[in-house]
Student: 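Quick one: the structure is below, and I'll ask about it shortly.
Order of listing sets the numbers, starting from 1, for every ligand and every atom in it. Here the structure is a predicted model, which means the values were calculated and not measured. Just so you know, these numbers use all the heavy atoms, side chains as well, and skip hydrogens, waters and symmetry mates.
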Amino acid sequence: MNDNMQDSPNDISYSFKNDYSEGAHSNILNALFDTNLEQQDGYGEDYYCLEAAKLIKKKLYNPNAHIHFVSGGTQANLIVISSILQPYESVIAADTGHINIHETGAIEATGHKVNAIASKDGKLTAKDVKGILDIHTDEHMVKPRLVYISNSTEIGSIYKKSELEELSSFCKANNLLLFLDGARLGSGLCAKDNDLSLKELSRLVDVFYIGGTKNGALLGEAIVINDDKINENFRFNIKQKGAMLAKGRVLGIQFLELFKDNLFFDLAYHANKMANKLSENIENLGYKLMINSTTNQIFPIFSNSLISKLSERYSFSIWSSIDEEYSVIRLVTSWATKEYYVDRFIKDLKSLTSSVK
Ligand SMILES: Cc1ncc(COP(=O)(O)O)c(C=O)c1O
């Protein structure tokens, strides 16, 4: 990665808005280029999808898993959830969960209620889930059947192994399936306080996906299904939802590249390192963070006047308002974030700290 940006003009605006602002890692583009003129079968049955699936199963130490590639996160959530649930069944999620707030009602549009639970840290516990089961007692209500979580979560937190184990056992004991949205799984697994491996995760959930879009791929998510029954008609569901790409090779080639060495983890590690550097320095300057995130999304609390000054040179999202004077912003780093701009942000923040209230 070329981080030699010292000569870049100082007035350039840099984005910490998300982790999909850049294209794709050059290894991936090269692999797409190198294989360009090969003739391959379509719809996920090409050599590269099959090889990538084999490789991912190996990395999961899970030869019985089923792997399917789709192009995006909302699509993965929609297909997984709607193919698992009976018409009268519902999915339980944290109120901050992506399916609850950022998917335009995609799940509800398939006829399934999302049972949202208030969560301060973006995570769900067995106790939270029990609370929903306790109030859904008969056929006059939806029947909760699936628990949706994400790792890292919508607000950058991660599940510790013990937390996922507890949730997983509770689900098993209560006839619930557990689905983990891994749009940012790389960042979650590479966080400095993570104690969960791909292998353990794969053992603890029924379905999950490995996000490529936010971790160096042009696009793509790899859905992993640990249950033969869920997998049985899954390809019909993919096709019916318009997600089975004729040129499925585009996804297989990318995932093969991400997993053939350590690229997937190296890229996520870089994104986290940049975010950790930002949060450490922000805290050292005396600012508070909304949540203690060790992943690639951080949520500092700044005065509105400081936010307005920072936005002259950086783009980011305003996450929420604290009061009339203060707001939370979201800074997201990516696999391609240049350290030069992280350092420049810190330098700018330092000088604004002494001049702006
Ligand atoms: C946790 C999570 N899941 C799913 C998605 C949806 O992904 P897409 O925008 O590719 O549909 C996102 C996107 O931000 C996300 O953060």
Side-chain angles (χ1 to χ4, degrees), residues 15-24 68-82 91-110 112 114 116-117 119 121-124 146-159 164 178-191 194 196 201 205 207-224 238 241-243 245 250-251 254-255 258 267-268 271-272 275 291 293-299 315-320 330-335:
S15 174
F16 290 108
K17 238 179 174 168
N18 55 53
D19 34 20
Y20 44 88
S21 298
E22 297 92 0
H68 304 270
F69 301 103
V70 296
S71 62
T74 302
Q75 197 178 63
N77 289 334
L78 167 67
I79 294 168
V80 167
I81 294 172
S82 65
V91 53
I92 299 173
D95 56 353
T96 49
H98 205 266
I99 60 164
N100 191 44
I101 44 173
H102 284 136
E103 294 186 2
T104 326
I107 305 307
E108 291 91 335
T110 64
H112 300 287
V114 178
I117 307 176
S119 162
D121 59 3
K123 298 192 268 184
L124 287 184
L146 183 64
V147 173
Y148 164 95
I149 56 174
S150 60
N151 196 43
S152 60
T153 68
E154 204 59 19
I155 50 177
S157 50
I158 58 169
Y159 280 85
L164 196 58
L178 184 56
F179 168 41
L180 186 145
D181 168 339
R184 293 200 174 86
L185 187 59
S187 178
L189 294 180
C190 291
N194 171 62
L196 200 58
L201 185 142
V205 304
V207 184
F208 69 103
Y209 65 90
I210 304 172
T213 307
K214 296 180 171 70
N215 196 30
L218 265 185
L219 76 167
E221 320 292 310
I223 299 173
V224 181
I238 297 181
K241 296 283 182 297
L245 301 184
V250 167
L251 303 172
Q254 295 185 83
F255 274 93
L258 283 172
L267 296 180
N272 288 353
I291 182 162
S293 160
T294 51
T295 59
N296 72 326
Q297 303 184 86
I298 62 162
F299 299 84
S315 44
F316 44 77
S317 325
I318 310 275
W319 190 254
S320 61
R330 182 182 77 155
L331 299 175
V332 187
T333 53
S334 83
W335 62 276

Student: With sequence neighbours excluded, what pairs up with F179 under the ring-ring contact (aromatic ring centres under 6.0 Å, His included) test?
Tutor: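 Testing F179 for ring-ring contact (aromatic ring centres under 6.0 Å, His included), a comparison that skips the adjacent residues, returns Y148.
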Student: In terms of side-chain heavy atoms, does S71 have a donor or acceptor partner in Q75 at a distance below 3.5 Å?
Tutor: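 Yes, a side-chain donor-acceptor pair sits under 3.5 Å.
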Student: Which atom pair, heavy atoms only, marks the closest approach of A275 to T295?
Tutor: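 Closest heavy-atom pair between A275 and T295: CB-O, 3.3 Å.
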Student: Would you please name every residue forming a side-chain hydrogen bond (donor to acceptor under 3.5 Å, both in side chains) with N18, sequence neighbours left out?
Tutor: S21
Student: For the OH atom of Y209 and the CG atom of N77, what is their distance to the nearest 0.5 Å?
Tutor: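 So the OH of Y209 and the CG of N77 are separated by 3.5 Å.
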Student: What residues form a side-chain hydrogen bond (donor to acceptor under 3.5 Å, both in side chains) with E22, not counting sequence neighbours?
Tutor: S334
Student: Tabulated below should be the N or O atoms of ligand 1 paired with protein N or O atoms at under 3.5 Å; can you produce that?
Tutor:
| from | atom 1 | to | atom 2 | distance (Å) |
| --- | --- | --- | --- | --- |
| ligand 1 | 3 (N) | D181 | OD1 | 3.3 |
| ligand 1 | 3 (N) | D181 | OD2 | 2.6 |
| ligand 1 | 7 (O) | G73 | N | 3.4 |
| ligand 1 | 10 (O) | G73 | N | 3.0 |
| ligand 1 | 11 (O) | T74 | N | 2.8 |
| ligand 1 | 11 (O) | T74 | OG1 | 2.6 |
| ligand 1 | 14 (O) | H98 | NE2 | 3.3 |
| ligand 1 | 14 (O) | K214 | NZ | 3.1 |
| ligand 1 | 16 (O) | R184 | NH1 | 2.9 |

